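Comments concern the structure below.
Being a predicted model, the structure only gives us computed values, none of them experimental. We count ligands from 1, going down the list as the structure has it; atoms in each ligand are counted the same way.
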Amino acid sequence: MAHFPSGFVWGAATASYQIEGAVHEGGRGVSIWDTFAHTPGRIRGGDTGDRACDHCHRFREDVALMKGLGLGAYRFSVAWPRVQPDGRGRTNDAGLSFYDRLVDELLGVDLQPWATLYHWDLPQALEDQGGWLSRDIAHRFEEYAFMVGERLSDRVTGFMTLNEPYIHFLLGYALGNHAPGRTLGLHAFPAAHHQLLGHGLAVRALREAGAHMIGIANNYAPAWPAGDRDEDLDAANRVDAMHNHLFTDPLIRGEYPALALDILQGTDPALLEVIRPGDLSVIAAPLDFLGVNYYQPDYVRADPTGPFGVSLGRIPDREYTAFGWPVVPEGLTQTLTGLKARYGETCPPLYVTESGCSAADVIDVDGRVRDDLRIRYHEAHLEAVRDAITQGAGVRGYFAWSLLDNFEWAEGYSQRFGLVHVDFATQVRTPKDSYRWFQAFLRDQT
Ligand code: GBH
C-alpha cells in the first residue's frame with residue numbers, strides 16, 4: 001500500500017468504561033453505565049464493566065503494547081465520575097492522578113496522548129438531576145472540562161469534548177438500548193442540544209485552560225437509500241439530516257439543518273424551545289479538528305413506524321463482521337469527501353478517530369490469534385482514507401478501534417474489537433494477527 005502523508009498520526013482508541021474496571025477504587029463515583037449494566041436484562045449475558053480490561057491496574061502493559069505495535073498516539077477517555085464523583089463541585093484528586101500517570105507513561109515512550117472528555121459515562125448524580133435533558137448539565141460539563149484541561153493540557157496533544165453525541169442521544173435517550181435507557185423517541189432532542197451546548201462551552205473552557213488542539217469525535221454514516229422509490233430517497237435525506245448534519249452544521253455553520261428542524265417541529269413544536277438565543281454562537285466555537293468515527297452507512301427505508309419515519313436495513317452482498325455489520329470501506333471515503341464538500345474551506349482538518357470491526361477470533365493450539373477479517377477490514381479502510389486524501393479531503397490521522405477486546409456496551413464481552421486479545425478470566429493480553437499486520441504496515445510507512 002502506498003504511503004500516507006508524513007506526520008500522519010497513527011493511533012488506537014479506547015473508552016474509559018469499556019476498559020478501566022476499578023469502579024469502586026480511588027474515590028470514583030457511580031456512572032450511568034454502572035447503574036445500567038447492573039440492571040438485569042440490559043446487557044447480554046449480564047456482563048458489566050466492573051473489571052473490564054482492568055486497565056487501571058495494567059495501563060503500563062497496555063501502553064507498552066501500543067509502543068510495540070509502533071503507534072504514535074493513543075486516544076483514551078477520561079471517566080467524569082473518577083474526576084468529579086458527583087458531577088459538580090469537589091474534584092477527586094486520586095482520579096485526576098490516574099490520568100496524569102497514564103499521560104506521563106505515554107509521553108515517556110513518545111506516544112501522543114489524545115483525550116476524550118466524555119465517552120458516555122455520566123456521573124449518576126447528574127442523571128438523577130435530568131442528565132443531558134437538563135440545560136444545567138452543559139455548565140457542569142464546562143466546569144469539568146476546565147478541570148481536566150487545567151491538569152492535562154500541558155501534555156495532551158488533542159482533546160475531544162464528546163464521543164458520538166448522536167449515538168448517545170439516539171441509543172441512550174431516544175431508543176434506550178444504552179444508558180441511561182430512556183425511550184423518549186424524538187422527544188429526546190434536548191439531550192442532543194444540551195450535548196452540543198456543553199461541547200461549545202467546553203471548547204472555550206479547554207482553551208482557557210491552555211489546550212490548543214480541540215475537536216470532537218462524531219459518528220458519521222452516509223445515508224444510502226435501500227430502494228429507488230421516492231419515499232426511500234426522502235427517508236435517506238431525513239437520516240442524513242438527523243444523524244450527520246444535526247451534529248455538525250451547528251459546529252461549523254452555527255445553524256441547525258432546516259430539514260432536521262422541520263422533523264423536530266413536526267414532532268412537537270415545543271421541542272425547539274430548548275434552543276435559546278445565543279446558543280448557536282456558543283456551539284460554533286472554532287474547532288482545530290473534526291474526529292470521524294466510521295463503521296458503516298445507514299441503509300434507509302421509508303417506514304412510518306420508525307423514528308423520523310425510517311427503518312435501517314442491512315446492506316446486501318457484503319462481507320459481514322461478527323456483529324453482522326457489513327464491511328463498506330467506500331462509505332468512509334464518501335464520509336470524508338462529503339464533509340469536505342459540504343463545509344469546504346471551513347471544514348476543519350479531519351482525523352479518523354475510530355474505525356474497526358468485531359471479529360470472531362480463531363485461537364490456535366499454540367496460542368496464536370487469527371483475525372483475518374480484521375486485517376482485511378483495516379487494509380480496506382486505510383485504502384479508503386487514502387482515496388479521500390487523493391480527492392482533497394484533508395485527513396491527518398487514523399485511530400483503530402480498538403486496542404483491546406473490551407466491554408462492548410449492550411453486547412457485553414460478546415463482541416471483540418481489539419488488535420490485542422484479552423482473556424477476561426485471566427486478563428492475559430495476546431497480540432492478534434492484526435496487531436502484527438499493523439506493526440508491519442507501520443514499519444513500511446517509515
Ligand atoms: C462506537 O460507536 C463507540 O464509540 C465505541 O465505544 C464502540 O465500542 C464502537 O463504536 C463499536 O460499537 O447495524 O443498524 O445496528 C459506534 C456506533 C452504532 C455504529 C450502531 C454502527 C450499527 C447500526 N454504532 N451502528 S445497525
Side-chain angles (χ1 to χ4, degrees), residues 11-20 31 33 36-37 43-44 47 49 52-53 55 75-79 114 116-121 160-172 174-179 195 216-224 226 235-236 239 242-244 247 291-301 303 306-308 310-316 318-328 331-332 335 351-359 374 377 381 399-419 422:
T14 64
S16 45
Y17 189 71
Q18 295 182 271
I19 64 164
E20 284 183 355
S31 89
W33 270 96
F36 192 73
I43 312 294
R44 183 182 298 267
D47 292 342
C53 305
H55 171 76
R75 173 178 176 236
F76 61 96
S77 83
V78 175
W114 289 63
T116 308
L117 294 181
Y118 184 71
H119 201 126
W120 307 346
D121 41 1
M160 284 140 286
T161 55
L162 304 172
N163 180 70
E164 301 187 347
Y166 170 69
I167 300 294
H168 197 39
F169 148 75
L170 186 75
L171 300 187
L175 302 178
N177 12 15
H178 281 185
Q195 283 187 87
I216 185 170
N218 263 327
N219 181 273
Y220 290 106
W224 288 9
V239 168
M242 295 300 293
H243 183 160
N244 299 305
F247 292 87
V292 172
N293 293 1
Y294 172 77
Y295 290 89
Q296 61 170 106
D298 287 330
Y299 195 58
V300 193
R301 220 172 239 106
D303 175 357
F308 21 106
V310 309
S311 65
L312 297 184
R314 170 160 146 141
I315 300 174
R318 294 285 177 155
E319 183 167 29
Y320 299 93
T321 71
F323 224 138
W325 301 349
V327 179
V328 189
L332 177 54
T335 296
Y351 288 79
V352 176
T353 36
E354 282 182 30
S355 168
C357 68
S358 73
R374 183 167 293 106
Y377 188 98
H381 286 76
F399 291 78
W401 184 270
S402 184
L403 175 68
L404 305 167
D405 293 338
N406 61 45
F407 177 80
E408 176 50 34
W409 308 116
E411 299 300 319
Y413 298 99
S414 68
Q415 298 294 335
R416 295 178 173 272
F417 278 84
L419 297 165
V422 177

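Side-chain atoms of Ser77 and Ser16 form a donor-acceptor pair, as typed in the model, at a separation below 3.5 Å.
Ring orientation note: the planes of Tyr351 and Trp114 are tilted relative to one another, at an angle of 30° to 60°.
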Original post:
Can you check side chain to side chain donor-acceptor pair (under 3.5 Å) on His381 and Tyr294, steps first, answer last?
Top reply: CA-CA 10 Å; His381 286 76; Tyr294 172 77; 5.0 Å; no
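Residues satisfying the side-chain contact (heavy atoms from CB on, under 4.5 Å) criterion with Arg314, sequence neighbours excluded, are Tyr320. The side-chain hydrogen bond (donor to acceptor under 3.5 Å, both in side chains) test applied to Asn163 returns Arg75, His119, Asn293, not counting sequence neighbours.
The salt bridge (charged side-chain N to carboxylate O under 4.0 Å, His left out) contacts involving residues 291-301 comprise nothing, where partners must be two or more places apart or lie in separate chains.
Ligand 1 is surrounded by Gln18, His119, Trp120, Asn163, Glu164, Ile167, Asn219, Tyr295, Gln296, Trp325, Glu354, Trp401, Glu408, Trp409, Phe417, each with at least one heavy atom closer than 4.0 Å.
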